Amino acid sequence: MQHKNFKNIDKVVFGRGAFNMLDEIIAPIRKENKNYFVFVVDKYFEGKELSKRIPAKPEDIVLFEDVDQHEPTTEQIDNLRDRILKEKGLPSGLIGIGGGSIMDIAKAVALMLTNEGSSTLYQGLNLIKKPGVYHLGIPTISGTGAECSSTAVLTGPVKKLGLKCEWTVFNQVILDPELIKSVPDDWWFNTGMDTYIHCIESENGTLNNAFSHAYAEQSLSLCREVFLGSNSGRSEVNDDKLMVASLMGGLSLSYSEVGVCHALSYGLSKILDYRHCYANCVAFQHLDDVYTDGVKEFKQMLVKHKIVLPQNLSKTWSDETITKMAEVAYNLPHMWHQAYGDSWKEKVNIASIKELYKRM
Ligand code: NAD
Ligand code: ZN
C-alpha cells in the first residue's frame with residue numbers, strides 16, 4: 001500500500017495584525033538570487049489601505065492582478081514568468097496577497113520561474129522538474145484551502161488541472177483574519193462553502209481516514225458556527241474561525257480527496273467559465289442522493305444567509321455543452337474513485353454524469 005508522504009507548509013503565523021510581520025519574515029530571504037521580491041496582489045487592493053502596508057523596497061516588483069475576468073490561466077502564468085525574468089532575472093521569492101486565484105498564481109509563477117517551457121507541460125501530478133523560488137501566501141478570503149494545498153489550479157487550452165507537487169506548497173503562510181473583513185457577502189458565502197464541501201467530500205469518500213477525519217470534523221464544526229449557529233454571520237470572531245476552517249479543510253484533503261461535486265464543478269468552470277466556489281454551490285444543492293446530510297445542512301445555510309442559487313440552468317444548455325462538461329468531469333478519476341471506490345467505472349459513465357448536469 002502506498003501512503004501519501006505529505007509536504008506541509010514550512011511555517012504558518014496566525015493572528016490579527018500578523019500581516020505586519022511580512023517585512024521581517026522575508027528579510028533573510030532577500031539574500032537569495034537577484035535580491036528582490038515580487039508581490040502579486042489582488043487588484044481589488046490597489047490604492048486601498050492594505051496596498052500601502054506592503055513592505056516593498058525600491059528594487060521590488062508589485063503586480064496588481066485582476067482576478068475577476070477569469071480564473072488563473074496557463075497563458076497568464078507564462079506571461080508573468082517571462083516578464084519577471086526579462087525585467088530583473090530570478091527573484092528571491094514571490095508573495096501572493098489575495099484569494100485562491102492570487103495564491104495559485106503566486107505558487108505557479110514561483111515554480112515556472114525555474115522550469116522551462118509553458119506551464120501547460122506541467123499540468124498534472126509531479127511533472128514539475130525543479131523546485132521553484134521561495135513563495136509566501138497571504139489569504140484575503142477564506143475557503144479554498146489554496147493556502148495549504150500542493151496544487152496551483154490552472155486553466156489551460158486543454159485542461160483545467162493543477163501544477164501538483166510538493167514544491168508547490170508555500171514556504172510560509174500568513175493568516176491574518178483582519179484581511180477578510182472586506183470580502184463581499186456573496187463571495188464570503190460561496191468561498192466559505194468550498195471549505196464545507198471539501199470536508200463533506202473528504203469525509204464521505206473511500207480515502208477518508210483518522211487524519212483527514214480529524215481535520216474535517218474540526219473544520220465542519222467551525223463552519224457550522226460561522227454559517228449556522230446562533231452567532232453565525234459576519235463578525236471578527238467568525239472571521240478568525242473561517243480562516244482556520246479553510247486551512248483545516250485543506251489539510252483534511254491532503255490525506256483524502258474531493259468527490260462528485262468537485263468533478264462536476266470542474267466541468268462547469270472549464271466549459272462555462274463558472275467560478276470554482278460558485279460552481280460548487282450550483283452543483284452541490286442537487287447531490288442529496290450522494291451527500292444526503294451535507295446537502296440538507298447546506299440548504300439550511302442557504303436559507304439562513306438568504307442565498308438564492310439559480311435553478312433550471314440545464315434547460316439553457318445544449319446537449320453538446322452538457323456532453324463536454326461530462327467529459328471534463330469524467331476525466332477526473334481520482335474524484336470518482338474517492339466517491340465510489342475501485343469499481344467507480346461500474347457506477348459512473350458519461351451518460352450518468354450528463355444526468356447529474358441535467359439536474360442543475
Ligand atoms: P478569488 O481569489 O477568485 O477572489 C474572489 C473575489 O473576491 C475577487 O473578486 C477578489 O477580488 C475578491 N476578494 C478577495 N479578497 C478580498 C477582500 N479581502 N476584500 C474584498 N474582495 C476580495 O477567490 P477564491 O474563491 O478564494 O479563489 C478561487 C480560485 O481558487 C479558483 O481559481 C480556484 O480554481 C482556486 N482553487 C484553488 C485550490 C487549490 O488547492 N489550489 C482549491 C480550490 C480553489
Ligand atoms: Zn474546492
Side-chain angles (χ1 to χ4, degrees), residues 9 19 40-46 48-51 64-74 76-77 96-108 111 123 135 137-156 159-165 168-170 173 176-202 219 234 239 242-243 246-247 249-254 256-266 268-270 273-281 283-284 332 335:
I9 312 162
F19 183 85
V40 185
V41 188
D42 188 325
K43 200 166 175 59
Y44 165 83
F45 293 108
E46 194 168 18
K48 301 234 169 34
E49 192 244 339
L50 187 72
S51 67
F64 289 100
E65 284 292 300
D66 186 349
V67 298
D68 282 329
Q69 305 309 315
H70 52 73
E71 293 192 334
T73 65
T74 50
Q76 182 183 15
I77 300 305
I97 305 173
S101 300
I102 290 287
M103 287 190 280
D104 280 357
I105 292 171
K107 291 198 262 186
L111 291 171
Q123 283 181 284
H135 46 300
I138 308 181
T140 63
I141 177 169
S142 286
T144 63
E147 61 274 24
C148 68
S149 78
S150 59
T151 186
V153 184
L154 300 181
T155 303
K159 306 179 246 194
K160 178 180 175 186
L161 197 61
L163 310 184
K164 186 164 185 172
C165 68
T168 313
V169 182
F170 280 118
V173 166
D176 183 345
E178 280 180 2
L179 305 186
I180 66 175
K181 191 176 187 224
S182 54
V183 170
D185 286 344
D186 51 350
W187 283 108
W188 168 80
F189 185 84
N190 293 339
T191 302
M193 283 306 108
D194 196 25
T195 282
Y196 180 77
I197 296 167
H198 287 162
C199 294
I200 296 295
E201 295 192 300
S202 170
S219 176
R234 308 292 300 262
D239 283 351
L242 188 56
M243 202 159 237
S246 173
L247 180 78
L251 288 172
S252 175
L253 291 180
S254 64
S256 188
E257 197 37 271
V258 290
V260 178
C261 182
H262 271 71
L264 298 175
S265 164
Y266 271 47
L268 289 166
S269 293
K270 175 77 185 111
D273 277 339
Y274 279 38
R275 307 299 296 233
H276 176 78
C277 304
Y278 177 69
N280 279 342
C281 292
F284 193 63
L332 295 161
M335 300 186 192

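Bear in mind the structure is a predicted one, so any value in this text is a computation, not a measurement. All ligand and atom numbering here is 1-based and tracks the order in the structure. Just the heavy atoms: all of them, side chains too, but no hydrogens, waters or symmetry mates, feed the values below.
The ligand atoms of ligand 1 that sit less than 4.0 angstrom from a heavy atom of Cys277 are 25 (O). The ligand atoms of ligand 1 that sit less than 4.0 angstrom from a heavy atom of Val67 are 8 (C), 10 (C), 11 (O). In the vicinity of Arg275, heavy-atom distances shorter than 4.0 Å reach the ligand 1 atoms 3 (O). Those atoms of ligand 1 that come under 4.0 Å of a heavy atom in Asp194, given as number and element, are 43 (C). Interface atoms of ligand 1 facing Thr140, defined by a heavy-atom separation under 4.0 Å, are 14 (C), 15 (N), 16 (C), 17 (C), 18 (N). Counting atoms of ligand 1 from 1 in the listed order, those under 4.0 Å from a heavy atom of Thr191 are 25 (O), 26 (O). Taking every heavy atom of Leu179 and a limit of under 4.0 angstrom, the matching atoms of ligand 1 come to 18 (N). The atoms of ligand 1 that sit less than 4.0 Å from any heavy atom of Ser149 are 39 (C), 40 (O), 41 (N).
Proximity of Val40 to Ile97: side-chain heavy atoms (C-beta onward) are nowhere separated by under 4.5 Å.
Nearest to atom 35 (C) of ligand 1 among the protein's heavy atoms is Asp104 OD2, 3.5 Å. Looking only at heavy atoms of the protein, atom 13 (N) of ligand 1 is closest to Asp42 OD2, 3.8 Å.
Taking the six-membered ring where the residue is Trp, Tyr196 and Phe284 present perpendicular rings, their angle passing 60° and hence far from 30°.
With a 4.0 Å cut-off on non-hydrogen atoms, Asp68 touches ligand 1 through its side chain and not its backbone. For Thr144, heavy-atom contacts with ligand 1 shorter than 4.0 Å involve the backbone as well as the side chain. Contacts with ligand 1 closer than 4.0 Å are made by heavy atoms of both the backbone and the side chain of Ser182.
Lys43 forms no cation-pi arrangement with Phe45, by the criterion of a distance under 6.0 Å to the ring centre and an angle within 45° of the ring axis.
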Should Thr168 and Ser150 be marked as a side-chain hydrogen bond (donor to acceptor under 3.5 Å, both in side chains) after you check the CA-CA gap, both sets of side-chain angles, and the distance that decides it? CA-CA 5 Å; Thr168 313; Ser150 59; over 6 Å; no
Is there a side-chain hydrogen bond (donor to acceptor under 3.5 Å, both in side chains) between Ser265 and Asn280? Walk through the geometry before answering. CA-CA 5 Å; Ser265 164; Asn280 279 342; 3.0 Å; yes
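Looking only at atom types and distance, the side chain of Lys107 has a donor-acceptor partner in the side chain of Ser149 under 3.5 Å away. There is a side-chain donor-acceptor pair under 3.5 Å between His262 and Glu201. Using modelled atom types and a 3.5 Å distance limit, the side chains of Asp194 and His276 yield a donor-acceptor pair. Side-chain atoms of Thr73 and Thr155 form no donor-acceptor pair, as typed in the model, at a separation below 3.5 Å.
For the residues His70, His276, Glu178, the heavy atom positioned nearest atom 33 (C) of ligand 1 is part of His276. Of the listed options Gly250, Ala146, Ser101, Ser101 places a heavy atom closest to atom 29 (C) of ligand 1.
Remark: the backbone N or O of Cys199 is not paired with any side-chain donor or acceptor of Ser202 at under 3.5 angstrom.
Just one of Lys160, Gln76, Lys270 meets the side chain to side chain contact (heavy atoms under 4.5 Å, CB included) condition when paired with Glu71; it is Lys160.
Within the 4.0 Å heavy-atom cutoff, Pro184 counts among the residues contacting ligand 1. Under a 4.0 Å heavy-atom criterion, Met103 is not in contact with ligand 1.
One finds an angle of 170° at the Zn ion (ligand 2) between NE2 on His276 and NE2 on His198, to the nearest 10 degrees. With the Zn ion (ligand 2) as the vertex, atom NE2 of His262 and atom OD1 of Asp194 span an angle of 100° (nearest 10 degrees).
The shortest N or O to N or O distance between His198 and ligand 1 is not below 3.5 Å.
With a 6.0 Å radius and a threshold of 12 heavy atoms from other residues, nucleotides or ligands, Lys181 has its NZ atom at or below the threshold.
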